[in-house]
Every structure is written in C-alpha cells, then in structure tokens.
Amino acid sequence: MSILSELWRDVAALFFVSACPVCGRTLTSGERGICTFCRASAPLTGFWNQADNPVLRRFWGVCPVVRASGFLFYVHGSGWRRSIHGFKYRGAWRLARSMGDWYGRCLAESGLYGSVDVVVPLPLHPLKRLRRGYNQSEYIAEGIAAQLGVGVDRHCVYRRRNTETQALKPHQERAGNVEGAFAVRHPERLAGRHVLLVDDVMTTGSTLAACAGALLQAVPDCRISVAALAVSRRELGLKE
C-alpha cells in the first residue's frame, strides 16, 4: 500500500464517520464505528474470560490485583495500532468511547467483573492533558462503566509529576520513571470499593502498577482491578 493510500485512510478514519477507522472501508447503514469485518477479525485477547491470564501475572509480586485484562493485542503496523494512535494523538476520542463500550460489554458478559464499584481512568498530567485537549483513557473508561452499570471517578487520582513518555524509556527504567508519579485526593470516596483502573495501552505494566500502588497506599481497604484496551504480546512473553 502506498504512503498516500495510508495517509488517506488515516484522514478518512478521523474526519468521515462513514469510514471504518481500521481499514478505511465505507461503512454500511447497519455498521457503526468499526466495520463488521474488522470486528470479526480483531486481534482480541479473550483474557476477560480468564481469571488467571498473562496480564494478571504481570502484577504478581508487584501489587495485589483482583482481576486484570487486556482487550486487543497491540500489533505493530496494523490498522488497529493506527486507530489507537488516532484517539491517543489525533483527536479521535469518539472511537475511544466506542471501543470502551465494546470492551465493557465483554467484561460484563464474562461475569468476572460484576463486583466492580467504580471505574477510574489512568490520569494524564495537567500539562499533557492541556496540550492534547482530553484524556483518551477517560473515554474508554466511560464506555466500560456504562456497560458495567457503574460510575466513573475522574478526579480522585492525579499525576503530581509530568513523567517522560514510557515508550521512550528503556524497559529497566520504566518503573523508576513513574515511581511516586501518582497521588490520591478524597480517598474516602474509594474506601472499601472495588476500583477498575483503566488505561489505553499497557506494555510493561509499570505505569498501571505505580497508579495501583498509590491507590492502595492511600486507600488500604479498596480492591484494585485493571483493564487495558491494548496489550503487547511480546511484553507478556507470548509468541508473536
């Protein structure tokens, strides 16, 4: 595929609601957001149906997590990766909400996340949020919460340090990069509750673990579960 063709597909996915953001194909009247073919062929993990899965194991010995799941495998060079970059960097927040709805339906149908009381999106630092204009994890969290029938708390957890982007850091430095980056305000709002912490992409899990650790330190009697929209096969030790 030519560079111009890829550019047109990205532009179409962002500005024309009738185009599938993954493949660029024109949607039929019965399709919404993502076309039927791309939904059927999506690189889904199925982890939401497994109480024990590779995402949960990533947190073993790091912080106590009740449930953990990833929805899609983050496949480099794929239309799904470009779509995630679309709502992460190019303003396609409606797609983030739509993906959250889809993920949330799967979590609800699994029966493993029925005790979740509140959904908390991983926060951005205020400066980064100001530059981007929004936090894509909030839209994913909204979709998930709507399907689970619970609320979203966008304000109880915040970033007190504007850390460097994790993707630019060597793996061995990522945990240190986010150490002490998160804090909790109004901990009483989460006391005794089962919190589902939501992020868009999980690689090593260091950022989610740091945020979960801050929550548990501030609110020792809460329970934490994790839901990442996309996860890396390689980082989870799975075959590509």
Side-chain angles (χ1 to χ4, degrees), residues 32-34 39-40 42-74 84 87 94-123 135-157 182 184 186-202 205 207-231 236 238:
R32 294 185 61 187
I34 298 166
R39 285 180 181 271
L44 302 180
T45 69
F47 292 158
W48 58 88
N49 286 316
Q50 304 169 21
D52 177 19
N53 64 70
V55 178
L56 181 68
R57 293 173 206 154
R58 176 62 63 178
F59 295 94
W60 285 359
V62 179
C63 63
V65 170
V66 179
R67 304 287 187 201
S69 174
F71 189 53
L72 297 164
F73 286 117
Y74 195 64
I84 291 170
F87 61 68
R94 289 181 181 84
L95 177 60
R97 172 59 195 254
S98 176
M99 292 296 295
D101 280 325
W102 187 9
Y103 192 8
R105 284 195 298 273
C106 292
L107 293 173
E109 290 168 2
S110 77
L112 296 176
Y113 295 81
S115 64
V116 167
D117 297 305
V118 62
V119 179
V120 172
L122 196 79
N135 178 0
Q136 68 280 356
S137 293
E138 289 186 7
Y139 290 108
I140 299 169
E142 285 178 7
I144 290 175
Q147 297 299 323
L148 292 178
V150 299
V152 178
D153 193 321
R154 302 171 183 80
H155 307 294
C156 61
V157 183
F182 298 95
V184 179
H186 304 301
E188 69 279 0
R189 297 204 315 219
L190 301 178
R193 308 187 81 187
H194 185 178
V195 177
L196 182 62
L197 189 60
V198 170
D199 198 9
D200 57 352
V201 178
M202 178 185 127
T207 305
L208 281 163
C211 190
L215 274 165
L216 289 168
Q217 184 175 11
V219 194
D221 65 339
C222 78
R223 295 176 295 152
I224 306 293
S225 287
V226 169
L229 184 68
V231 293
L236 294 175
L238 304 174

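This chain uses plain numbering: 1 for the first residue, then up along the sequence.
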Checklist line | Nearest heavy atoms of Leu190 and Cys156, plus distance in Å | finding: CD1-SG, 3.5 Å
Next item on the list: Can you see which heavy atom on Ile144 is nearest to which on Ala227, and at what distance?
Entry: CD1-CB, 4.5 Å
Next item on the list: Evaluate the side-chain contact (heavy atoms from CB on, under 4.5 Å) criterion for residues Asp101 and Gln147: first the C-alpha distance (whole Å), next the side-chain angles of each, then the deciding distance (0.1 Å), finally the verdict.
Entry: CA-CA 6 Å; Asp101 280 325; Gln147 297 299 323; 3.7 Å; yes
Checklist line | Any donor-acceptor N/O pair, Asp221 side chain to Gly192 backbone, under 3.5 Å | finding: yes
Notebook entry, point to check: Yes or no on side-chain contact (heavy atoms from CB on, under 4.5 Å) for Leu95 and Ile34, after CA distance, side-chain angles and deciding distance?
Noted result: CA-CA 9 Å; Leu95 177 60; Ile34 298 166; 4.0 Å; yes
Notebook entry, point to check: Hey, what's the ring geometry for Trp48 with Phe71, parallel, tilted or perpendicular (30° and 60° as the breaks)?
Noted result: tilted
Notebook entry, point to check: How far apart are the closest heavy atoms of Leu112 and Ala51, and which atoms are they?
Noted result: CD1-N, 3.7 Å
Next item on the list: Could you list the residues that satisfy ring-ring contact (aromatic ring centres under 6.0 Å, His included) with Phe73, not counting sequence neighbours?
Entry: Phe47
Check: In Å, rounded to the nearest 0.5 Å, how long is the span from CD of Gln136 to CG of Leu229?
Finding: 10.0 Å
Notebook entry, point to check: Does the side chain of Cys222 come within less than 4.5 Å of Leu216's, by heavy atoms?
Noted result: yes
Margin query: Looking at Thr45 and Gly70, would you say the former's side chain and the latter's main chain have a donor-acceptor pair under 3.5 Å?
Written below: yes
Notebook entry, point to check: Please walk me through it: do Val150 and Val118 pass side-chain contact (heavy atoms from CB on, under 4.5 Å)?
Noted result: CA-CA 6 Å; Val150 299; Val118 62; 5.7 Å; no
Notebook entry, point to check: Does Ile140 reach the side chain of Glu142, with side-chain heavy atoms less than 4.5 Å apart?
Noted result: no
Next item on the list: Compare every heavy atom of Val157 with every heavy atom of Cys211, then report the nearest pair and how far apart it is.
Entry: SG-CG1, 3.6 Å
Check: Are any of the side-chain heavy atoms of Leu72 and Leu44 separated by less than 4.5 Å?
Finding: yes
Notebook entry, point to check: Does the side chain of Ile224 come within less than 4.5 Å of Phe59's, by heavy atoms?
Noted result: no
Next item on the list: Can you tell me which residue pairs pass the side chain to side chain donor-acceptor pair (under 3.5 Å) test with a partner in residues 103-120, sequence neighbours excluded?
Entry: Ser69-Tyr103, Ser115-His194
Note to self: Please check: side-chain N/O of Arg154 versus main-chain N/O of Glu138, any donor-acceptor pairing under 3.5 Å?
What the structure shows: no
Item checked: Smallest separation among heavy atoms of Val55 and Ala68, with atom names -> CG1-CB, 3.8 Å
Check: Are any non-hydrogen side-chain atoms of Leu236 and Met202 less than 4.5 angstrom apart?
Finding: yes
Check: Looking only at heavy atoms, what is the nearest atom pair of Ala212 and Leu197, with distance?
Finding: N-CD2, 3.9 Å
Margin query: Could you walk me through whether Leu196 and Leu148 satisfy the side-chain contact (heavy atoms from CB on, under 4.5 Å) test, starting with their C-alpha distance in whole Å, then the side-chain angles of each, then the deciding distance to 0.1 Å, before giving a yes or no?
Written below: CA-CA 11 Å; Leu196 182 62; Leu148 292 178; 3.9 Å; yes
